[in-house]
Amino acid sequence: MVAELEGLPVGELADRLDRLGGPEARAPRPKRAEGPELPELPGAEPGKVVLRLAPFPSGGLHIGNGRMLFVNQQYRERYRGRLLLVFDDTVGSEEKRVETEFFEMILGDLDLAGVRPDAVLYKSDRISSHYPWARRVIEKGGAYVCRCPAELLRENRLHGLACPERAQVPGETLVEWEKMLDGSYAPGAAVLRLRTDLADPDPAFRDRVLFRISDLDHPRVGHRYRVWPLLEFSWAVDDVELGVTHVLRGKDLVMEDRMERYLWDLLGVQGPPFLHWGILRIREAKVSKSKSYAEVKSGLYDGWADPRTWSLRSLDRRGIAMEALREFTLSFGLSLADIEVPAETLYAENRKRLDASTVRRSFVAEPVRVEVDGYPFDLAETTLANHPDRPELGRRAVTAGPEFLLARTDLVVHAGHEVRLKDLVNVRLPADIPASGGSMRATFTSRPNQRLPRLQWVGARDAVPVDVLEIDGSHRRGVGEGALRAARPREIFQFERYGFVRVDADVSPGDEPVRVVFGHA
RNA sequence: GCUCCCGUAGUCUAGUCCGGUCAAGGAUUCGGGGCCUUCGACCCCGUAACGCGGGUUCGAAUCCCGCCGGGAGCACCA
């Protein structure tokens, strides 16, 4: 019997089942719900969770930082925990410098994102408390002072070779460590290295550097310290001293987990567990932080809110709600896979929020002037609904014909055919369409609504120039209906058949052109 | 090269730890239809996936082995 059934197509099997047990045997399967949002944190107790955000102040926050922001925020809310903002402002390097303006900027970005930390701390204030930990590690024989040049150190690490100083006993190391601190060594002349295992299969983990000497001027603490901890060591200290209960960070930092744990084991202290997520990229956002930085600094970009930066503030400027960004970001869970997502997914999330509440306006890009012969005199003006499905959003009066501005691209597509000026009248277009900025004539045909291609129009007598800043940083010139003269800063509109736009924050009523930023279709 | 991580439809994701209820769910995209005087929204329908090869098992997306593919790390940056 079984053998007979095997190999039958599914449909056939279903038929036989129906004959055997009827519909009862094939009850519709219950729909499974969507999965839970984020997994529980190991050992998390409500009210006792302490999380930390650790941005490096070398630029504004961008869309890629969103995951760190919203995941931490989400858990903080779930467990009613504390969220510490700890600026990871050790000196950095020549290429990666701490800059004063970014402390304020990041605070602003967090506020924009709706993330309000319970405390704001600076790593640069905590350096002196890292020194005793260094001593303890040295005393345990866990570290040595290495005077190899950086390149040699790197080379040796790759080949698993020890440098002569690796043989130091703690007493000797302590002496050398003091010399590092008292200025006997120049920057680059000596470092404190962890003693792991040079045969460790992971070359990245072999005798990593714990402290180095730098005399870069720090914007907050100046030259107060010349011996600076590296990220892994500083967090091994601070995650414990600040009472952090869970470390949630991107998987680019997994090796740092191992470093922290190694140090904790060495010193016999207990540290928090780590959770990671993979790298999230937006397909359209080829964000290179250093490129954005350079372009903003050089003035090529329109500041940190330039759409090309994909910074949080640029998304806000485009009318993308941080709440939509949060939903979007959280929808990826804590997957460790590296993913690339089209921006459309974010736009879809935003559109859901915007569509119902956003009023419609008429806008035409790169217009051609069209005079309609035989246009009805009584239709010099009309009123239009602010929203097609929501009468409660009201109506506005608009100036109509006989002179219109229409998009050249629309005209070209329908040249020689009859079209409908949306919500107004039907006209026949000639075969020849002039360049944008030119003028032409069309012929009125009828008034009733017909199933004709619909064209967006702006009445020429009351048109207002509009400048749309596009996502690629270019500016598109066009005209909008007169009602846009009253546009308020940061107001969001849907330009019908064009997309959602947001009025720039520094626009005053009456400004021409009206400057708006394109959000998405 | 070495180490670690990851491979479910076009793109994300749920399911994988604890094998059967997965004839694989959701989102987005795409296609078709409906409705509305937007190419938008909404409603309905549809296309479409367990990387490959072995093994264990009555039974594998799930466990084991091998391969292939992708990513990250190997800084005196964070």
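Sequence lines set the chain letters: A, B, ... in the order given, protein chains first and strands last, and positions in each chain run from 1.
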Check: protein-nucleotides 4-7 of chain B nitrogen or oxygen pairs below 3.5 Å:
none

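- Residues satisfying the side-chain hydrogen bond (donor to acceptor under 3.5 Å, both in side chains) criterion with A:Asn449, sequence neighbours excluded, are A:Arg420, A:Arg454.
- For A:Ser234, the side-chain hydrogen bond (donor to acceptor under 3.5 Å, both in side chains) partners two or more places apart in sequence, or in a different chain, are A:Lys123.
- For residues 190-201 of chain A, the set of pairs meeting the salt bridge (Lys or Arg N to Asp or Glu O under 4.0 Å) definition, not counting sequence neighbours, comprises A:Asp200-A:Arg258.
- Residues forming a side-chain hydrogen bond (donor to acceptor under 3.5 Å, both in side chains) with A:Arg166 (at least two apart in sequence, or on another chain): A:Asp207.
- Nearest to the side chain of A:Ala204, among B:A72, B:U28, B:G73, sits B:G73.
- Judged as a salt bridge (charged side-chain N to carboxylate O under 4.0 Å, His left out), and not counting sequence neighbours, A:Asp182 has no contacts.
- Taking A:Leu85 as the reference, A:Leu53, A:Pro55, A:Phe87, A:Leu107, A:Leu110, A:Pro117, A:Val120 meet the side-chain contact (heavy atoms from CB on, under 4.5 Å) condition, with sequence neighbours excluded.
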Distances under 3.5 Å between nitrogen or oxygen atoms of protein and nucleotides 34-38 of chain B:
residue	atom	partner	partner atom	Å
B:U37	O2'	A:Asp423	OD1	2.4
B:U37	O2	A:Arg420	NE	3.3
B:U37	O2	A:Asp423	N	2.7
B:U37	N3	A:Arg420	NE	3.2
B:U37	N3	A:Arg420	NH2	2.8
B:U37	O4	A:Arg420	NH2	2.7
B:U38	O2	A:Arg497	N	3.2
B:U38	N3	A:Gln494	OE1	3.0
B:U38	O4	A:Arg360	NE	2.7
B:U38	O4	A:Arg360	NH2	2.8
B:U38	O4	A:Gln494	OE1	3.3

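- Not counting sequence neighbours, the partners of A:Arg353 by the side-chain hydrogen bond (donor to acceptor under 3.5 Å, both in side chains) test are A:Glu349.
- Listed by first and then second residue, the salt bridge (Lys or Arg N to Asp or Glu O under 4.0 Å) pairs that reach into residues 227-239 of chain A are A:Arg52-A:Asp239, A:Arg126-A:Asp238, A:Arg208-A:Glu232, sequence neighbours excluded.
- Spacing between atom CZ of A:Arg206 and atom P of B:A75 amounts to 11 Å, rounded to whole angstrom units.
- A:Val254 is linked by a side-chain contact (heavy atoms from CB on, under 4.5 Å) to A:Lys251, A:His276, counting only residues two or more places apart in sequence or in another chain.
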Polar-atom pairs under 3.5 Å, protein N or O versus N or O of nucleotides 42-45 of chain B: list them with distances, or write none.
none

